Amino acid sequence: QVQLVESGGGLVQVGGSLRLSCAASGLTFSSYVMGWFRQAPGKEREFVAFISRSGGSTYYADSVKGRFTASRDNAKNTVNLQMNNLKPEDTAVYYCAADAGHLPSTTAARYDYWGQGTQVTVSS
């Protein structure tokens with residue numbers, strides 16, 4: 001049974017930082033591209049970042065480029081998202097997801113497994 005469990009969300013002021021973590025179990029973690037998505041109230045789920053199987057490649061949405069950094073530890077089956085210089089528009093539920101596909105994707109439908117999400121609120 002595959003489980004992805006996010007943690008690290010919370011309330012932070014504008015300009016602050018948070019580090020999200022996602023612990024994976026029940027899958028061969030190093031065989032999956034890991035993605036981060038977010039969903040704000042009343043909006044569709046949107047791509048934030050993905051990291052390749054080895055962790056050697058990352059890709060970010062323009063809205064977070066230069067502020068967010070994805071990393072992974074295949075020995076610990078974890079993926080992280082370091083979020084710096086947070087803005088009110090970053091407020092959302094953040095989800096990690098696992099994709100077994102051959103090529104990394106920014107499309108949510110391509111991902112096979114999802115966590116339950118963790119709330120990030122940036123207050124001004």
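The structure displayed is predicted, hence computed values, not measured ones.
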**Student:** Check the angle between the aromatic planes of Y95 and W114 and answer parallel, tilted or perpendicular using the 30° and 60° thresholds.
**Tutor:** perpendicular
**Student:** Is it the case that the side chain of R72 and the backbone of G55 share a donor-acceptor pair, with hydrogens and angles ignored and the cut-off at 3.5 Å?
**Tutor:**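 Checked: no pair found.
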**Student:** What pair of heavy atoms forms the shortest contact from A70 to I51, and how long is it?
**Tutor:**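 Here A70 and I51 meet closest at O-CD1, 3.7 Å.
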**Student:** Can you find a pair of side-chain heavy atoms, one from V33 and one from Y111, that are under 4.5 Å apart?
**Tutor:** yes
**Student:** Would you say the side-chain atoms of S105 pair up with the backbone N or O of T107, donor to acceptor, closer than 3.5 Å?
**Tutor:** yes
**Student:** Minimum heavy-atom separation for T106 to F47, with atom names?
**Tutor:** O-CB, 3.4 Å
**Student:** Taking the side chain as everything from C-beta on, heavy atoms only, tell me whether V14 gets closer than 4.5 Å to P88.
**Tutor:** yes
**Student:** Supply the atom-to-atom distance L11 CG to T121 OG1, rounded to the nearest 0.5 angstrom.
**Tutor:**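 It comes to 6.0 Å.
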**Student:** Is a donor from one side chain sitting under 3.5 angstrom from an acceptor on the other, for N80 and Q82?
**Tutor:**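 Side-chain D/A pair, N80 to Q82: absent.
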**Student:** Checking R38 side chain against V120 main chain: does a donor-acceptor pair fall under 3.5 Å?
**Tutor:** no
**Student:** Indicate, with yes or no, if the rings of Y59 and F50 have centres closer together than 6.0 Å.
**Tutor:** yes
**Student:** Below 4.5 Å, heavy atoms only, C-beta onward: do L4 and C96 meet side chain to side chain?
**Tutor:**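 Yes, at least one pair of side-chain atoms sits under 4.5 Å.
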**Student:** Are any non-hydrogen side-chain atoms of M34 and F29 less than 4.5 angstrom apart?
**Tutor:**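 SC-SC contact between M34 and F29 confirmed.
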**Student:** How about T91 and Q119: do any of their side-chain heavy atoms sit closer than 4.5 Å?
**Tutor:** yes
**Student:** Could you state the interatomic distance from CG (L81) to OH (Y60), rounded to the nearest 0.5 Å?
**Tutor:**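 Result: 7.5 Å between the selected atoms.
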**Student:** Keeping the roles fixed (side chain from N74, backbone from R53), state whether a donor-acceptor pair exists under 3.5 Å.
**Tutor:**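 Present.
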**Student:** Taking a hydrophobic cluster as the set of Ile, Leu, Val, Met, Phe, Trp and Tyr residues connected by side-chain heavy atoms closer than 4.5 Å, whether directly or through intermediates, do F37 and V5 fall within one such cluster?
**Tutor:** no
**Student:** Please report the closest heavy-atom contact between Y32 and A98, naming both atoms and the distance.
**Tutor:** CD2-CB, 3.7 Å
**Student:** For residues D90 and F68, determine if any side-chain heavy atom of one lies less than 4.5 Å from a side-chain heavy atom of the other.
**Tutor:**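 In short, these two side chains touch, coming nearer than 4.5 Å.
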**Student:** Distance check, rounded to the nearest 0.5 Å: L86 atom CG versus S123 atom OG?
**Tutor:**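 Rounded to the nearest 0.5 Å, the CG-OG separation comes out at 10.5 Å.
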**Student:** Report yes if the side chains of L20 and E6 come closer than 4.5 Å at any heavy-atom pair, otherwise no.
**Tutor:**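 No, side chains not in contact.
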**Student:** Is the shortest distance from a Lys or Arg side-chain nitrogen in K65 or D62 to a carboxylate oxygen in the other one below 4.0 Å?
**Tutor:**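 So K65 pairs with D62 through a salt bridge.
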**Student:** Do the non-hydrogen side-chain atoms of D112 and D99 ever get within less than 4.5 Å of each other?
**Tutor:** yes
**Student:** Is the count of non-hydrogen atoms from other residues, nucleotides or ligands lying under 6.0 Å from E89 atom CD greater than 12?
**Tutor:**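 Atom CD in E89 is crowded, with more than 12 foreign heavy atoms closer than 6.0 Å.
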**Student:** Output the distance between atom OG (S25) and atom CD (Q1), rounded to the nearest 0.5 Å.
**Tutor:**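 S25 OG to Q1 CD: 8.0 Å, rounded to 0.5 Å.
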